[in-house]
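Here it is, the structure, as structure tokens.
By convention here, the first residue in the shown sequence is residue 1. Excluded from the calculations below are hydrogen atoms, water molecules and symmetry mates; all remaining heavy atoms, backbone and side chain alike, are included.
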Amino acid sequence: MFRLSLVTASLIAGLSLPAQAQEPVTISAELEQKVIEWRRDFHEHPELSNREFRTSEKVAEHLESLGLEVQTGVAHTGVVAILKGGKPGPLVALRADMDALPVVEKTDVPFKSTAVSEYRGQEVGVMHACGHDLHIAMLMGAAEQLVAMQDDLAGSVMFIFQPAEEGAPVGEEGGAELMLEEGLFADAKPEAVFGIHVWSAGNTGTIGYREGPLMASSDRFEINVKGRQTHGSRPWGGVDPIVAAGQIIANTQSIVSRQIDITKAPAVLSFGIVEGGVRNNIIPDEVYLEGTIRNFDMDNRQQIFADLKRTAEHTAAASGAEAHVHIDEGYPVTVNNPELTRMMLPTIEKVAGAENVKVNPLVTGAEDFSFYALETPGLFVFLGITPEGQNPAEAPSNHSPFFFADEAALKTGTELYINWVVDYAAQQ
């Protein structure tokens, strides 16, 4: 049976919104179907980071059709729109990311992607393997519903459709950091920013939230170990960078286990690339190492950087070699503002049902939503998309070519965006 929410009923009756909505705003079956259709279109036509040309055009067309103030070309392909409510109140921001991944899709959905593009000089398949197509569609649906409520809406809403969350191409800038550098919050800074990420590790409609740190920082490091080439039969005739590199790999593991205060938060330091040498009996001049650092405490993060540099340099020096360390700082820790999280938890529970809401474990993946949350209080949650009856622990993960999203979750996500706006304003 179709059930009108208290807010929707008030709008139909021509009444103003209550100070605190007791029932969630819900979307119609017609709007839900629109959201599903948008999602399928974006899924079938995915685009890589900083190349979201068709996607941003479709988003802008929809927002303009709603009569919103729309800005395009933000951070290359980003789209931003402002909705001004009919009543005074706070400005809040809602964010969705738009980019896809260089993944060949292996699902059998009728709207399966067959798109190809260029990535690092190679032709690759392209797939929305992380669910950003759902994020776009949900936020477009939320915009349509909130515009319908405009006259009785308190405050304003900034809709952020962001490119390049997965990382800008080599040699380019992009994503949340670039949007902020270009002045996203300069003229009008929101009091709060909200984001949703669909998550295969949860069943459809469930919500995972967490106060404080939720997702790790992500930083890439490079170490060039310089030795002096010599014949493998006469190692004393040169300086062996391979031995020095091996010692660096071993010694840097003590950074997490012995040098930082691990009681603050977990951390990971991993090597992913070891390159050096061309022949079995030649000790080379140089070895190249590359890896990642994941961490949940911003102070620990800086200490790890310093400890990595010191440990690598001193270890190499002990062998007569040199180590040159470069750290590429990536995404900061994604931190949910505790006060905002507690304030909006009742909203999450009334939209999803309290039985479907749980505290999420720490996630060692990273998100550039973190940049927004450094500027203003932020709340980022995970929306389950693995169908009921399936074990989410066994479902293909985000970034898998078999990644599958149950579209029934789109309604929950769309309504969560909407109700965050309504309830945040009601509590100010």
Exercise. Heavy-atom count around E355 CD within 6.0 Å, excluding the residue itself: above 12?
Worked result: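 Yes, enclosed.
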Problem set entry | Flag if over 12 foreign heavy atoms under 6.0 Å of NZ, K106 |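 It does not: K106 NZ has 12 such atoms or fewer within range.
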Exercise. Hey, what's the ring geometry for F382 with H197, parallel, tilted or perpendicular (30° and 60° as the breaks)?
Worked result: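 Aromatic pair F382/H197 classed tilted.
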Exercise. Checking side-chain contact (heavy atoms from CB on, under 4.5 Å) for the pair Q428/Y424: CA distance, chi angles, key distance, verdict?
Worked result: CA-CA 7 Å; Q428 302 308 302; Y424 183 86; 3.5 Å; yes
Problem set entry | side-chain hydrogen bond (donor to acceptor under 3.5 Å, both in side chains) partner of H43, chosen from H128, E105, H132, E407 |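 Among the candidates, only E105 passes.
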For this session: May I ask you to decide whether D219 forms a salt bridge with R301, counting only side-chain N to carboxylate O separations under 4.0 Å?
Result: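 Salt bridge flag = yes for R301 with D219.
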Problem set entry | Verdict with supporting geometry, E211 and N336, side-chain contact (heavy atoms from CB on, under 4.5 Å) | CA-CA 5 Å; E211 287 185 25; N336 282 332; 5.7 Å; no
Exercise. Is there any ring pair (Phe, Tyr, Trp, His ring centres under 6.0 Å) pair reaching into residues 389-420, and which pairs are they, with sequence neighbours excluded?
Worked result: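 Qualifying pairs, neighbours excluded: F194-W420.
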For this session: Return the set of residues passing salt bridge (Lys or Arg N to Asp or Glu O under 4.0 Å) with R220 (not counting sequence neighbours), or none when no residue passes.
Result: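 Listed in chain order: E222, E290, D328.
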Exercise. Taking all atoms of both residues into account, what is the closest heavy-atom pair of A192 and T376, and its distance?
Worked result: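 Where A192 meets T376 most closely, the heavy atoms are N-OG1, 3.9 Å.
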Exercise. Cut-off 3.5 Å, side chains only: do N251 and T315 have a donor facing an acceptor?
Worked result: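 There is such a pair between these side chains.
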Problem set entry | Closest non-hydrogen atom pair between L340 and G378, with its separation |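 Where L340 meets G378 most closely, the heavy atoms are CD2-C, 3.6 Å.
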Problem set entry | Side chains of P190 and F185 in contact at under 4.5 Å (non-hydrogen atoms) |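 With C-beta onward as the side chain, the pair touches.
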For this session: Of all the heavy-atom pairs spanning P392 and G202, show the shortest one and how long it is.
Result: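 Heavy-atom minimum between the residues: CB-N, 3.7 Å.
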Exercise. Which atom names give the shortest non-hydrogen contact between M179 and V74, and what distance separates them?
Worked result: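 Where M179 meets V74 most closely, the heavy atoms are CE-CG1, 3.7 Å.
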Exercise. Does anything in residues 111-124 pair up under side chain to side chain donor-acceptor pair (under 3.5 Å), and if so which pairs, sequence neighbours excluded?
Worked result: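 Output for this query is empty, none listed.
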Problem set entry | Shortest non-hydrogen contact between L101 and A129, atoms and distance |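 Reported closest heavy-atom pair: CD1-CB, 3.9 Å.
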Exercise. Above 12 or not: heavy atoms from other molecules or residues under 6.0 Å from CG of D187?
Worked result: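 Check fails, neighbour count at 12 or below.
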Exercise. Strictly by modelled atom types, are D406 and Q390 linked by a side-chain donor-acceptor pair under 3.5 Å?
Worked result: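 The criterion, which ignores hydrogens and geometry beyond distance, is not satisfied for Q390 and D406.
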For this session: Using a 4.5 Å cut-off on heavy atoms from C-beta on, say whether the side chain of K84 contacts that of E69.
Result: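 They are in side-chain contact.
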Exercise. Can you name the one residue among K58, R40, R39 that meets salt bridge (Lys or Arg N to Asp or Glu O under 4.0 Å) with D133?
Worked result: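 Filter result, single survivor: R39.
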Exercise. Are the charged groups of E47 and R54 less than 4.0 angstrom apart, N to O?
Worked result: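 Judged by the 4.0 Å cut-off on N to carboxylate O distance, E47 and R54 do not form a salt bridge.
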Exercise. Should the heavy atoms of other residues, nucleotides or ligands under 6.0 Å from CD of E339 be counted, would the total exceed 12?
Worked result: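 Counting neighbours around CD of E339, 12 or fewer heavy atoms of other residues, nucleotides or ligands fall under 6.0 Å, so no.
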For this session: Identify the heavy atoms of A100 and E166 that sit nearest to each other, and give their distance.
Result: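 Minimum heavy-atom separation between A100 and E166: O-CG, 4.3 Å.
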Exercise. Only one of K309, Q302, Q303 forms a side chain to side chain contact (heavy atoms under 4.5 Å, CB included) with F305, so which one is it?
Worked result: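 Of the listed residues K309, Q302, Q303, the side chain to side chain contact (heavy atoms under 4.5 Å, CB included) partner of F305 is Q302.
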